[in-house]
Amino acid sequence: MAAVLVVEDNPEHQAVLAEIGRRLGHEVTLADDGRAGLAAALADPFDLIIADVDMPHLDGVRMCRALRAEPATADVPVVLITGYLPPGDTLLTEAGATAVVAKPFSVKGLTETLRQCLPLPPDGPFLAELMRGLDAGAVACDRQGRTVFVNQAVRDFFGDECATVPIREWPARFQLRHHDGAPLLPEELPLDRALRGEQVYHADVRACDREHRLRWFAINARPVRDAAGTLLGAVAAIHDITGEHQQIQYEKCKAEVLQALVHAPGVEPAGAAVMRSLSHCLDWPCLRLWMLDEVSGRLRPVVTHTAPGAEVAPLPAVLERGQGLAGLCWERGETVWVPDIRAAESPMLPWVAEGTGYRAAGAVPVLSAEQVVGVLTFFTPDRQDPEPALAVLLTGIAGLFGAYLERRRSDELANQLAASIGEYIALVGHELRTPLTSIATYTDLIVESGDETTIGEIRDLLAVIERNNARLRSLVERLLDLSALESGHASLTVGAVDLAAVLQAAVAAVTAEAGEPGARVLTDLPDTLPIRGDQARLRQVAENLIGNAVKYSPHDSTVTVTLTADEDTAVLAVADAGMGIPDEERNRLFARLYRATNARHSRIPGAGLGLALSRAIVDLHRGTITLEAGDTGGTIATVRLPRAPTVAPTG
């Protein structure tokens, strides 16, 4: 509040001037003529004097001259209001008037003039309340770069200490950065640039508040000069644009994820692409994708993304439902936020929380067909509170990834179905016609043989018929067996099984049937490995896989059979150095009667049912079976079986 003296002999004009002063929040004193006004100004200090020019006893011009002659009033702003002299008259300027207002004047015009002549002091209650109520930050410094003013918004963000920190020390003290994360140098600070005479608009600055939450700002700064142009200091207005910045980044992130999923060739590449986009757009240095393991019924880490130079968060091998951050997200089926991973209520595993320098974390579920099939977790050194817009983004991205999984599964099934109908008919026809042709033709030969034909010649023809009849019978039996397994009409005999012993017996049977030396099949098996399952069916799987490896690999090569396990899963791997499988045909080999093109042309006998039967048996044991190329050629067949499964019902 300022002290204002109004000197006016016209009562109506006096009342108007007083009211304008009061509306500006000032304390107004009235005088009726120039002599009384001069006496009042000399008796008490005033911050502003408003005087009419044409007054009795002492006019406004002479009163202004008298005020300028007195040391106590020489610098007090004087606004002269004239209806007698024109505003540009030299008498007015020579008298030392700060401003001249011509009659008639408007309330708006005079108000603006008074504001310019008497700005609210920085420590005044009105300006203080105004600065305190602003959402935008305000900072001022003198020409030496010393902070002379910070408003409450800035103090709330950086703390009260910022009011005493020199401007050039702010980047290091408060870890200021550009929006892209690059460190902000002292000479790049908007206030420092303004001190060098630059007018700065929308400079980008990123900082963390006292709770380590990231915020993005746009800053305007400009130099402050006096009437002579001398630099007095600089001021800056700080606008929090965190919401706008995040919205742009969220849209960018969503676009990157969509683009990545369009071109991703598989689940792991798709997950890696999603995490790269999140890391790049959201400044999260460490992310991890967990997928639900169908065999063990636990979450297992599939892909981990770590930004260059960032630490890798500790990694549990598996997580149960409800265990740790990812397990809790799986159990709840919703996004989980952990602003402080070391807090007492944090769901993080204690050894994970203590083993990392990250401060906050979060997890979002990946759903497919309304079931949680995976969890995406992130770690960040900055506090990450729940944010509705970010939660929507993460849910949307997880939904896109879940839709990708569904679409990929649907596409695979559709492709298999489309290919299998015609192929199945053709393959059944081929596999049936081939032995039937041999049986029919050799029967015809016997019928057409003359009486002179010897028993020996007939026996050779009958041998061909017998061999093809056995082949046909085996084909029909295996087709019926496969059909029974897939339809659930064949029941499993579940009990305790030593899988290591099953494999040893399968290796012996295959090598004996093939007439191969036992040394050609190398085994790496534990002494015993108990699981729950159907021993006969598991032996059938083992003989199919080992038999294929021996049959389709050179006689001088080695087939390796290994068996490993953890507390949840037994893993059988059969590796050969054979002809391999064309990449585009690998998944199709599990279809009934399908044989790879290179196998069909090799003249190696086979019906194309072994892998289909094996897959059906493994599926009923709640396991998985995959084929992949070996590092140096050949094929690796891998079967994963739960050690204590709930075997699928089959009857």
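Inspection of the Asn10 and Gln14 side chains reveals no N or O donor paired with an N or O acceptor under 3.5 Å.
Among all heavy-atom pairs drawn from Ala163 and Val150, the shortest one is CB-CG2, 3.7 Å. For the residue pair Val154 and Gly137, the shortest heavy atom distance occurs at CG2-CA, 3.6 Å. Of all heavy-atom pairs spanning Glu161 and Val165, the tightest one is O-CG2, 3.3 Å. Residues Pro190 and Val200 approach most closely at O-CG2, 3.9 Å, considering heavy atoms. Scanning all heavy atoms of the two residues, the minimum distance from Ala97 to Leu80 falls at CB-CD1, 3.6 Å. Here the closest heavy-atom approach between residue Ala31 and residue Ala36 is recorded as CB-C, 4.1 Å.
In this structure, CG in Asp192 is found 13.0 Å from CH2 in Trp170, a value given to the nearest 0.5 Å. Note that SG of Cys281 is 12.5 Å distant from CD of Gln246, once rounded to the nearest 0.5 Å. Atoms CZ and CD, from Phe157 and Gln152 in turn, are 14.0 Å apart once rounded to the nearest 0.5 Å. Distance check: Gln175 CD to Arg206 CZ gives 10.0 Å after rounding to the nearest 0.5 Å. Atom CG of residue Asp204 and atom CD1 of residue Ile219 lie 9.0 Å apart, to the nearest 0.5 angstrom. Leu38 contributes atom CG, which lies 13.5 Å from atom NE2 of His57 (distance to the nearest 0.5 angstrom).
The neighbour count for Gln144 CD, taken as heavy atoms of other residues, nucleotides or ligands under 6.0 Å away, is above 12. Annotation: His280, atom NE2; neighbour count of heavy atoms from other residues, nucleotides and ligands within 6.0 Å does not exceed 12. Within a 6.0 Å radius of CZ in Arg321, other residues, nucleotides and ligands contribute more than 12 heavy atoms.
For Glu188 (side chain) and Leu185 (main-chain N/O), a donor-acceptor pair under 3.5 Å exists by modelled atom type. With hydrogens and angles disregarded, a donor-acceptor distance shorter than 3.5 Å links the side chain of Thr242 to the backbone of Trp216. At least one donor-acceptor pair under 3.5 Å links the side chain of Asn151 to the backbone N or O of Ala136. In terms of modelled atom types and a separation under 3.5 Å, the side chain of Arg196 and the main chain of Glu187 share a donor-acceptor contact. A donor-acceptor pair under 3.5 Å is absent between the side-chain atoms of Ser279 and the main chain of Ala307, judged by distance alone. Side-chain atoms of Thr395 come within 3.5 Å of backbone atoms of Ala391 as a donor-acceptor pair (strictly under, hydrogens ignored). The closest donor-acceptor contact from the side chain of Glu311 to the backbone of Gly357 lies under 3.5 Å. Between the side chain of Thr111 and the backbone N or O of Val107, at least one donor-acceptor pair lies under 3.5 Å. Side-chain atoms of Thr113 come within 3.5 Å of backbone atoms of Gly109 as a donor-acceptor pair (strictly under, hydrogens ignored). Side-chain atoms of Arg35 do not come within 3.5 Å of backbone N or O of Pro56 as any donor-acceptor pair.
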### Message
What verdict does the side chain to side chain contact (heavy atoms under 4.5 Å, CB included) test give for Leu58 and Asp33, after you've listed the backbone C-alpha separation in whole Å, the side-chain angles of each residue and the deciding distance to 0.1 Å?
### Response
CA-CA 7 Å; Leu58 184 68; Asp33 60 48; over 6 Å; no

### Residues Arg288, Thr377; criterion side chain to side chain donor-acceptor pair (under 3.5 Å); working and verdict
CA-CA 5 Å; Arg288 184 166 289 140; Thr377 59; 5.5 Å; no

### Query
Passes side chain to side chain contact (heavy atoms under 4.5 Å, CB included), Val28 versus Glu19? Steps please.
CA-CA 9 Å; Val28 179; Glu19 180 62 21; over 6 Å; no

### Query
Run the side chain to side chain contact (heavy atoms under 4.5 Å, CB included) check on Val139 and Leu191 step by step: do they pass?
CA-CA 8 Å; Val139 181; Leu191 269 176; 3.6 Å; yes

### Task
Begin with the C-alpha distance, continue with both residues' side-chain angles, and end with the deciding distance and a verdict on side chain to side chain contact (heavy atoms under 4.5 Å, CB included) for Ile397 and Leu376.
CA-CA 10 Å; Ile397 287 178; Leu376 195 153; 5.5 Å; no

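Put simply, the side chain of Val274 does not reach to within 4.5 Å of the side chain of His305, judged on heavy atoms. Looking at heavy atoms from C-beta onward, Thr147 lies out of side-chain contact with Pro166 at the 4.5 angstrom threshold. In this structure, Val364 and Val336 have side chains that are not in contact, with every pair of non-hydrogen atoms separated by 4.5 Å or more. Between Phe379 and Pro285, every side-chain heavy-atom pair lies at or beyond the 4.5 Å cut-off. Contact of the Thr82 side chain with the Val100 side chain is registered, since non-hydrogen atoms from C-beta on lie closer than 4.5 Å. Contact of the Leu195 side chain with the Pro223 side chain is not registered, since no non-hydrogen atoms from C-beta on lie closer than 4.5 Å. Using a 4.5 Å heavy-atom cutoff, the side chains of Leu390 and Gln384 are in contact.
Remark: of the listed residues Arg213, Arg215, Arg359, Arg213 is the sole one forming a salt bridge (charged side-chain N to carboxylate O under 4.0 Å, His left out) with Asp385. Exactly one of Leu48, Leu5, Ile49 qualifies for a side-chain contact (heavy atoms from CB on, under 4.5 Å) with Val78. That residue is Ile49.
Taking the ring centroids of Tyr358 and Phe378, they lie at or beyond the 6.0 Å cut-off.
Under a 4.0 Å N-O distance rule, the pair Asp52/Lys103 qualifies as a salt bridge.
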